[in-house]
Amino acid sequence: MKGMNDLFSKELQARRWITQKALQAFESYGFSQVQTPVLEELSLFVRSVGKTTDIVSKEMYALEDRDGTPICMRPENTAGTVRALLEHHKLTQEQECKVFYVGPMFRRERPQKGRLREFTQVGAEFFGTDAPTADVELLSMLHQWLLSLPIGKIKLLINSLGQPQERAEYLKALRTYFEPLRDQLCSDCQRRLETNTLRLLDCKNKTCSKLADESPSILDFLQEESKQHFEAVKNGLTQLGIEFEITKKLVRGLDYYTRTVFEFIAESGLGAQNTVAAGGRYDNLVEELGGPSVPAIGFAAGIERLVILAEENGLSLDEKRPDLVLVYADDTGREQIPQIAHKLRQANIWVDFEHRKKSVKAQMRRADRMKAKEVLVLGTREIESDEGQLKSLDSGEQRFVQVSNLLSAYSPNFV
RNA sequence: GUGGAUGUAGCUCAGUUGGUUAGAGCGCUAGGUUGUGGCCCUAGAGGUCGAGGGUUCAAUCCCCUUCAUUCACCCCA
């Protein structure tokens, strides 16, 4: 399938490691894990992400359930998380709720570097307060996690989108600003002027970008409350020593965002998709989805992008090696090996041996290629005398062991 | 959805201005005497030259179509 990958041990190892780091960081902030289904009712995303967004209007894997219900594969997991928490009555105005998730998301786009149709997001959501300290806590947690990964330089961009009314005012102003300049805009931006005015702000075209620089700033349209919130977030970050950059050009593609929005971008290594994690506050979403009025803030990070960065920055995970490879020298050895291996494996020692008919030399080469730590050659001689030589493939040294009680050779190392 | 690049052995890539049996390195297999790896040496296996069609006496090489991969746009993690 285009944009959907088969993953093997090596790739999976890096992903697991990165995810593990997230769990470590998130748990120290008191977030607990949730998991929701890949399939959700289509209407959930229409109501949350927004009907007119690209994600919903042209990137969803949508289908009809057998009973006719329109369903789809989730393109993101905030909506599903909110749905799940509401269904289980875990969201109330009285208490906070901190959760995180990790799982596959699906968007039918053209794949490119750092963008797949099936991709994995790690995300967290903090419900129940609109205190700026919550924004700071979430960002700090994300920051801590990203810092624990070898992904090169990253930068935190923040902005405030204000409340819906403020944003509406701003959009109006933005349109009146750009309308007279229409002819100078690139064709994409002329279209954006109608469809997605905010996106006009981060056009890569030089002229557009220059004009955008001069455009009104959303920050000037914030009412006192939103303004104070944003100030408090900035102060909080500064107090924790977390560097950030304010950029009025930061916009998000999902409709539900309010006030604080942010993005961690990688300074190199990802090509055009340099956003590594992004999110924002969504104070109205829970209510819009039929729940109580519960403010929240969250983020999602793309695991595949982090893996790319980690690999480019030389993440090297020590591969697991077989503890022992048993090599047969003759038929007697060959007959005994499965039983000997069985005993060791029950003690969780990684043992391997060749099943096909091979020479000792071939078996040795195989053991070497597998990077086995040790080998033991077994033939009539060893079985009868109950004494074999365990050879270290690293040092080449051999040590005598009792074949009938091989386990004892390991007990010191495996206690 | 749009645009560019690429598609030759398991992997990384040469190559033929169209001409009989398509190459290298790495990897793989087997040997280098009797039961011991890594280095070295020798031999070997392995390719519908992405697929389909066209031009030609002849195509892996030229033309068309298609598929796949990849990068970028749109958009986004």
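We name chains A, B, ... by the order of the sequence lines, and we start the count at 1 in each one.
A gap of 46 Å separates the P atoms of B:G18 and B:G31, to the nearest Å. Nucleotides B:G19 and B:C75 are separated by 48 Å at their P atoms, to the nearest Å. Straight-line distance between the C1' atoms of B:A58 and B:C26: roughly 35 Å, to the nearest whole Å. Comparing the C1' positions of B:U69 and B:A51 gives a spacing of 14 Å, expressed to the nearest Å. To the nearest whole angstrom, the two P atoms, one in B:G38 and one in B:U34, are 14 Å apart. Remark: the separation of the P atoms in B:G3 and B:C74 is 15 Å, to the nearest Å. When the P atom is compared between B:G52 and B:U36, the two are found 50 Å apart, to the nearest whole Å. Comparing the P positions of B:C73 and B:C11 gives an interatomic distance of 29 Å, to the nearest angstrom.
When the options A:Leu211, A:Val251, A:Asn159 are evaluated for a side chain to side chain contact (heavy atoms under 4.5 Å, CB included) with A:Leu201, the one that passes is A:Val251.
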Begin with the C-alpha distance, continue with both residues' side-chain angles, and end with the deciding distance and a verdict on side-chain contact (heavy atoms from CB on, under 4.5 Å) for A:Tyr328 and A:Gln336.
CA-CA 9 Å; A:Tyr328 61 81; A:Gln336 295 301 311; over 6 Å; no
From CA spacing to verdict: side-chain contact (heavy atoms from CB on, under 4.5 Å), A:Leu406, A:Leu324:
CA-CA 11 Å; A:Leu406 251 190; A:Leu324 173 65; 4.2 Å; yes
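Taking a pair to require two hydrogen-bonding distances under 3.5 Å in either a Watson-Crick or a G-U wobble arrangement, B:A14 remains unpaired. When both pairing distances are held under 3.5 Å, B:A9 makes no Watson-Crick or G-U pair with any nucleotide shown. The pairing partner recorded for B:G44 is B:C28, the criterion being a Watson-Crick or G-U wobble arrangement whose two distances lie under 3.5 angstrom. When both pairing distances are held under 3.5 Å, B:G3 makes a Watson-Crick or G-U pair with B:C71. Pairing for B:G35 is absent, judged as Watson-Crick or G-U wobble with the two contacts each under 3.5 Å. With both pairing distances under 3.5 Å, B:C62 is matched to B:G54 as a Watson-Crick or G-U wobble pair.
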Can you give one letter per nucleotide of nucleotides 32-40 of chain B, going 5' to 3': B for a protein heavy atom under 4.0 Å from the base, S for sugar-phosphate only, - for none?
B--BBBB--
5' to 3', nucleotides 72-77 of chain B under a 4.0 Å protein heavy-atom cut-off (B base, S sugar-phosphate only, - none) gives BBBBBB
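For the residue pair A:Glu125 and A:Thr78, a side-chain donor N or O sits within less than 3.5 Å of a side-chain acceptor on the partner.
Across all strands, A:Lys371 comes closer than 4.0 Å to no nucleic acid atom at all (heavy-atom distances).
Between A:Phe31 and A:Phe26, the ring-plane angle classifies as tilted under the 30° and 60° cut-offs.
Atom CD in A:Glu169 sits 13.0 Å away from atom CG in A:Asp220 (nearest 0.5 Å). To the nearest 0.5 Å, the span separating CG on A:Leu200 from CZ on A:Phe178 amounts to 4.5 Å. One distance of note links OG1 of A:Thr120 with CD of A:Glu304; it measures 4.0 Å at 0.5 Å rounding.
Salt bridge annotation for A:Arg199-A:Asp54: absent, with no cationic side-chain nitrogen under 4.0 angstrom from a carboxylate oxygen. Using a 4.0 Å cut-off between a side-chain N of Lys or Arg and a carboxylate O of Asp or Glu, A:Lys249 and A:Asp213 qualify as a salt bridge.
For A:Arg108 and A:Arg356, each mapped to the nucleotide of RNA chain B holding its nearest heavy atom, the one lying further toward the 5' end belongs to A:Arg108.
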